[in-house]
Structure formats: structure tokens, C-alpha cells
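Note that the structure is a prediction, hence the values are computed from the model and not measured.
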Amino acid sequence: MATLLFFYGMIKREGTAYMKWEKYTLITKTDAVDIISASLGDVGVEGIEIEDNVPLTAEETKGMFIDILPQLPKDEGIAKVSFYLDSEADNTKLLEDIQNTLEELKEFCDIGDGVLIKSETEDKDWINNWKQYFKPFFVGDILIKPTWEEIPKGAKYKTIIQIDPGTAFGTGSHETTRLCISALEKYLRTKPEAKVLDIGTGSGILGIAALKLGAECVFGTDLDDMAIDAVMENMISNEIGMTEFVAVCGDILTDENVMDMAGYEKFDIVTANILAPVIIELIKTVAKHMRKGGIFITSGIIDTKEADVVLAFKKSEDFEILDINHLGEWVSIVAKKRG
């Protein structure tokens with residue numbers, strides 16, 4: 001399957017269940033993708049989709065935290081650039097500007113024939129249809145349910161978490177989240193009223209689970225500012241106070257402001273349900289945020305990367321491994337800060 005980069009800038013219209021979009025696709029040359037994308041942005045196109053068979057660079061995979069790369073066909077220098085317009089809007093002027101821009105580009109750049117192929121799509125399939133697959137489920141004695149579902153009849157549980165992940169963040173049913181919640185349940189028994197740092201918080205499900213299991217407070221970080229909104233909504237659904245869970249947007253690996261906001265030698269438990277390359281980087285730096293004897297719960301590790309993460313922990317002077325657990329093809333490694 002071709003590499004897909006999607007910069008999504010569309011908002012669902014209020015009061016409608018879904019919208020219809022006109023999709024316009026230009027088949028062009030790989031070398032022309034950057035200038036076409038920039039030119040489309042200049043005339044007012046907000047959502048750009050690029051499909052090609054160009055392998056990602058090492059720098060790109062590092063920035064995107066990609067663990068497993070797809071096997072791409074041979075790059076033949078052909079790419080597709082697509083954009084989406086609201087079908088109910090008057091797009092006449094914008095389309096004229098786009099076509100004029102493409103004609104101008106053809107004068108000094110090989111972009112192919114410059115013909116836009118039109119099709120139509122609806123967002124209902126990817127806005128709401130995913131909800132049919134998210135049903136209430138258990139992790140030990142914890143019942144996790146979507147906000148739109150009722151509690152199952154006869155369900156027996158000690159703790160309930162209500163979650164609305166939206167379309168971008170984890171529901172909790174994924175194996176890695178289950179592994180992390182199980183570890184939280186285990187280690188919070190020995191560290192009541194713990195302070196928890198949740199790196200890559202997403203929907204906030206791990207932080208909320210920690211609070212429900214007895215943690216005193218949670219500090220969450222995420223690279224996506226949409227995560228902060230998701231956390232706030234899920235805090236409200238679970239009646240969690242603003243002082244109990246603080247979430248910020250930023251990179252705790254590189255942003256000194258985020259590091260300072262989190263604090264140093266402060267946390268009893270750190271959770272990181274991300275991907276192996278990020279965890280390996282965190283092993284080098286996260287100990288400064290933890291108290292002596294603090295617990296570092298990690299997952300998001302595909303089994304083919306387990307050895308790499310184990311080796312990183314063993315090389316570290318800060319940590320000793322306590323547990324390695326598996327669920328399906330996913331791995332959770334729990335370590336303790338020495339001292």
C-alpha cells in the first residue's frame with residue numbers, strides 16, 4: 001500500500017450527522033508533490049492527502065514514532081495528491097484558482113497533465129461508524145465503557161471508567177492499554193495515593209484509571225493538542241476534578257518547559273503506552289522525574305521490538321526490570337528506578 005500522509009483540516013458541520021465531500025485527485029510526478037502541495041495551500045486548500053511509494057527517511061520515522069514500516073512497491077515516480085471540499089459550498093472560485101495555479105506550474109515544472117479527477121465521499125463512515133465496535137469490557141475488576149453505552153445488565157465490577165476516545169485516540173480495548181491498566185492495578189496497591197506521570201496520554205484513559213485505582217494526582221503529556229480536549233471531556237464524564245488530572249501539550253523528551261511543569265524526582269509511577277523507539281529514548285531521561293523506587297510502566301511494544309527495549313533497560317543505570325508481560329503480539333515491560 002502506498003505511503004499516506006493526510007493533513008486533515010475539515011470540521012463537521014453543526015447539526016448534521018455527516019457531511020458529503022467532493023474529492024479531487026491529481027495524478028502527478030513524485031518530484032512535483034511538494035510544490036503542488038504548497039501551491040494548493042496558498043490558494044486556500046486545507047486538507048491535503050498524498051499517496052506515493054517513496055520510503056520514509058530515518059528522520060521522518062523518528063518524528064512520527066513509527067515502529068513497523070509497510071512494504072512498498074517500487075517507486076516509479078508517480079504520486080497522487082488529493083484534497084476535499086464541502087459539496088454544499090460554492091467552490092467555483094476556489095476550483096478556478098486551483099486550475100489556474102496548476103496551469104502556471106506546468107510552465108516550469110513537470111506535474112503531469114494537470115487534470116483533476118472528481119469523486120464524492122461521505123464522512124459518516126469514519127466519524128461515527130467506529131463506535132459500533134467499542135463495547136463495554138473488563139480489565140480485571142474494572143469496567144470500561146463508552147459514554148454512549150449503558151452498563152451491561154448483571155455486570156459486576158469494583159471500578160467503572162467512562163471513555164469517549166473520539167476517532168483519534170485509544171479506547172482501552174487494545175492489548176497495550178489492557179497491559180498498562182493491569183500493571184497500574186498491581187503497583188498502585190503498593191503505592192497508594194501515588195503521583196502519576198502519563199506520557200502520551202491520548203484520551204487520558206490510563207490517567208483516569210490510575211485515579212480510579214487510588215492515585216493522588218496525574219500529570220499527562222501528549223504531542224497532539226486534540227488529546228488535551230479529549231482528556232478534559234473524559235475527566236468530566238468520570239467526575240474527576242481539574243486539580244487531580246493536569247494535561248499539557250508538548251514533548252517531555254525535548255521541551256524544557258514541559259519537563260519543568262512535570263517536575264523532578266516527583267512521581268511514584270510513570271506510564272508510557274507509546275512505541276518502542278520512544279520508550280527507548282524515555283529510558284535515558286525519564287528517571288529524573290521519578291522518586292527513588294518509582295515504577296515505570298511501558299507498553300506499545302510490538303514483540304519484534306521487545307529485545308531492543310529490554311536491552312535499553314539493561315544498559316540503563318537508572319532502572320531494573322520487574323515484569324515482562326505479553327498479550328497477543330504486544331509486550332509490557334515494567335521497571336523500577338534504582339536507589
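Among residues two or more places apart in sequence or in another chain, the side chain to side chain contact (heavy atoms under 4.5 Å, CB included) test is passed with Lys336 by Ile295, Glu320, Leu322. Considering only residues two or more places apart in sequence or on other chains, Gln162 meets the side-chain hydrogen bond (donor to acceptor under 3.5 Å, both in side chains) condition with Lys145. Every side-chain hydrogen bond (donor to acceptor under 3.5 Å, both in side chains) that Thr25 has, sequence neighbours left out, goes to Ser82. Not counting sequence neighbours, the partners of Asp255 by the side chain to side chain contact (heavy atoms under 4.5 Å, CB included) test are Asn257, Val258. Partners of Asp318 according to the side-chain hydrogen bond (donor to acceptor under 3.5 Å, both in side chains) rule, which considers only residues two or more places apart in sequence or in another chain, do not exist here.
A salt bridge links Glu103 and Lys106; the closest N-O separation between the charged side-chain nitrogens and carboxylate oxygens is under 4.0 Å.
A distance-only check finds no donor-acceptor pair linking the side chain of Lys29 to the backbone of Asp110 [under 3.5 Å]. Checked by atom type and distance alone, the side chain of Thr201 never pairs as donor or acceptor with a backbone atom of Thr221 at under 3.5 Å.
Apart from Ile27 itself, the hydrophobic cluster it occupies contains Ile78, Ile117, where clustering links Ile, Leu, Val, Met, Phe, Trp and Tyr at side-chain heavy-atom distances under 4.5 Å.
Hydrophobic clustering (side-chain heavy atoms under 4.5 Å, transitive across Ile, Leu, Val, Met, Phe, Trp, Tyr) groups Tyr264 together with Phe219. With hydrophobic clusters built from ILVMFWY side chains whose heavy atoms lie under 4.5 angstrom apart, Ile142 shares a cluster with Ile297.
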>> Apply side-chain contact (heavy atoms from CB on, under 4.5 Å) to residues Ile98 and Tyr24 and explain how you reach the verdict.
In response: CA-CA 11 Å; Ile98 291 169; Tyr24 293 88; over 6 Å; no
